Asks: 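First the structure, then my questions, so here it is.
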Number of protein chains: 2
Amino acid sequence: MAAPTELAVEPGGRHRAGQASPPGCRPSLSPQRLALAAIELADAEGLAAVSMRRLAASLGVGTMTLYYHVRDKDELLDLMWNEFLGGHLLEEIPADWRAALTEIAQRTRQSYQRHPWALNVAVRPALGLNKLRHLEQYLAVASRITDDPDEQVRIIHSVSDLVVGCTLRELSGQAYRAPIKRTGHHGDGPAPPLEPQPGFDELVTAEELPRLQALRTAGCQLLAPRFEHALGWLLDGIEAAHPGVGQACPRAVGAPAPDPGLVGTAATTRMLPKKRA
Amino acid sequence: MAAPTELAVEPGGRHRAGQASPPGCRPSLSPQRLALAAIELADAEGLAAVSMRRLAASLGVGTMTLYYHVRDKDELLDLMWNEFLGGHLLEEIPADWRAALTEIAQRTRQSYQRHPWALNVAVRPALGLNKLRHLEQYLAVASRITDDPDEQVRIIHSVSDLVVGCTLRELSGQAYRAPIKRTGHHGDGPAPPLEPQPGFDELVTAEELPRLQALRTAGCQLLAPRFEHALGWLLDGIEAAHPGVGQACPRAVGAPAPDPGLVGTAATTRMLPKKRA
DNA sequence: TCCAGTCCTCGTACGGTGTACGACGGCTGG
DNA sequence: CCAGCCGTCGTACACCGTACGAGGACTGGA
């Protein structure tokens with residue numbers, strides 16, 4: 001469950017899966033199936049549980065079988081990352097640029113929260129097809145704000161950086177408050193309100209940290225989510241830097257809106273090569 | 001070299017290192033020394049090279065000796081993280097709040113760039129003393145913008161989130177362009193200008209990604225740094241949300257400015273407990 | 001002087017990991 | 001019938017984190 005993209009997987013192993021599926025069409029192994037199974041594992045038991053042995057076992061095959069479909073564990077992670085990115089592509093992009101950027105950001109955020117392991121994989125640079133699709137969607141919005149390509153890129157990066165940074169912080173925070181036994185449920189409940197750290201008091205009472213102390217006595221919670229505030233400020237800044245953008249809403253631009261079939265079909269496409277072994 | 005904080009380490013092992021050093025004062029093992037050695041290792045050969053065996057070897061002791069000073073490898077990572085954070089505390093906080101936030105952000109950024117492994121450790125929630133000091137410095141600035149503690153926290157988070165997100169993206173980008181042999185040098189040279197991905201063209205020429213294609217033909221580089229733009233926008237938004245802050249610069253507030261001695265002395269202090277074994 | 005106790009070190013061993021190598025069966029085309 | 005590929009997988013190796021317990025150095029009290 002909770003696989004980011006649900007789609008029929010065409011068989012065909014290592015070399016060029018482009019052809020039509022052979023008649024005996026059972027859903028044998030494939031990079032995508034590997035990725036989906038690995039994601040399921042990571043969602044359920046954390047990224048550390050994704051070992052080649054466990055993944056193979058969960059697929060009912062021998063360990064080394066995986067290495068026929070995947071060069072590395074790194075490549076497996078790349079595939080997971082690509083699949084993850086495909087999971088939060090928008091079907092339709094809102095006409096208003098603020099709404100659009102907000103929607104993309106929040107979808108991404110939710111996706112990270114559903115698949116916390118993705119943050120540990122995010123360091124990986126692999127530029128997969130879905131990453132490009134994601135960028136394309138961002139670009140569709142940014143191009144309504146400015147015509148300068150460099151500026152478009154700056155806008156996109158600033159928003160997506162904020163998303164990643166904020167989500168990373170939030171997830172480490174809630175990783176704290178559930179220090180052990182990270183079973184499947186991550187965001188259940190609205191999170192306990194107070195600063196949960198035991199022994200927090202001893203450290204903060206140090207006369208060295210007056211403002212933190214004041215914050216604590218004020219009952220302020222350090223881990224409050226409030227991502228929207230930050231994004232709002234950033235968008236305000238962007239808007240101020242690009243006058244004459246706010247009102248002239250140029251109707252719903254024909255969003256690329258990748259038809260669901262396409263998203264899946266080409267997803268088996270090899271990631272871009274990373275090592276030239 | 002390049003250890004974030006350089007300071008005399010007092011000996012004394014597991015239980016309460018508070019007392020004065022015994023006469024025979026050779027700099028034996030200590031959590032701090034472990035952390036510093038581990039950081040040196042991680043700087044030189046990446047986080048993956050930091051194994052208990054290698055760390056022990058680099059210190060000239062047996063592997064299991066480490067476990068007398070550290071409960072876990074996790075605790076070692078916590079110590080590294082704490083030491084890392086201590087490495088970019090400001091000695092003096094600029095009077096102007098924009099300059100102050102910018103300086104904190106950039107110092108943090110540079111620190112991440114010097115120690116890229118820290119981003120992989122950043123998922124860890126451990127609230128060490130240096131983390132609190134870092135927060136305190138942020139708070140010293142945020143309290144000049146608003147009196148609302150919750151708003152202060154929101155401001156701090158938004159800035160630091162942007163820093164983390166941006167740095168994470170940049171480092172993965174340059175991790176790409178130096179795919180193998182990640183030796184010590186990370187940011188040498190201004191980075192090659194063009195989109196370096198081999199095979200990038202094949203993917204982008206897909207008619208599915210028109211805007212990316214346009215971007216590429218426009219010669220725009222996707223991995224341009226330009227962190228300052230994003231931060232500028234964010235600060236603009238914050239400033240706009242808090243009118244009457246920009247000009248009334250209330251002189252150089254007496255920054256906590258932890259005297260260098262203090263920063264070091266207490267740094268051996270145990271991290272806050274994470275697992276309640 | 002002896003002994004008990006604490007601090008610190010470390011060798012060994014166990015179960016886990018990623019993966020190189022080569023063997024093996026089944027299918028297909030000549 | 002047979003060569004050759006596709007896909008599978010067992011074994012082995014080096015490395016990892018760490019539980020366990022032995023042992024040495026040094027202390028303070030008897």
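The structure presented is a predicted model; accordingly, all values stated were derived computationally and were not measured. Chain naming here is simple, since letters A, B, ... match the order of the sequence lines and numbering starts at 1 in each.
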Asks: For DNA chain D, which residues of residues 57-66 of chain A approach it to below 4.0 angstrom with any heavy atom?
Replies: A:Val61, A:Gly62, A:Met64, A:Thr65
Asks: Counting side-chain heavy atoms from CB outward, which of D:dT18, D:dG7, C:dT9 is closest to B:Asp72?
Replies: D:dT18
Asks: Once side-chain contact (heavy atoms from CB on, under 4.5 Å) is applied, do any residues pair with A:Ala57, and if so which ones, sequence neighbours excluded?
Replies: none
Asks: Mind checking side chain to side chain donor-acceptor pair (under 3.5 Å) for B:Ser111 and listing every partner two or more places apart, or none if nothing turns up?
Replies: B:His88
Asks: Distance check: side-chain N/O of B:Tyr68 vs OP1/OP2 of C:dT9, anything under 4.0 Å?
Replies: no
Asks: Roughly, in whole Å, what's the span from CZ in B:Arg71 to P in D:dT18?
Replies: 11 Å
Asks: Measuring to OP1 and OP2 of D:dT8, would you say a side-chain N or O of A:His69 lies under 4.0 angstrom away?
Replies: yes
Asks: Looking at every non-hydrogen atom in both residues, tell me the closest pair between A:Ala118 and A:Trp81 and how far apart they are.
Replies: O-CZ3, 3.8 Å
Asks: Measure CE/A:Met52 against P/D:dG10 and give the value in whole Å, please.
Replies: 15 Å
Asks: Going by the rule side-chain contact (heavy atoms from CB on, under 4.5 Å), which residues pair with A:Met52 if we only count those two or more places apart in sequence or in a different chain?
Replies: A:Thr63, A:Leu66, A:Tyr67, A:Lys73, A:Leu76
Asks: Checking B:Arg53 now: which residues fulfil side chain to side chain donor-acceptor pair (under 3.5 Å) with it, not counting sequence neighbours?
Replies: none
Asks: Roughly how many Å is it from CZ in A:Arg33 to C1' in D:dG7, rounded to a whole number?
Replies: 14 Å
Asks: Which nucleotide, C:dG18, C:dT9, D:dG17, lies nearest any side-chain atom of A:Ser51?
Replies: C:dG18
Asks: Take atom CG of B:Leu29 and atom P of D:dA25, then tell me their distance rounded to the nearest Å.
Replies: 18 Å
Asks: Sequence neighbours excluded, which residues qualify as side chain to side chain donor-acceptor pair (under 3.5 Å) partners of B:Ser160?
Replies: none
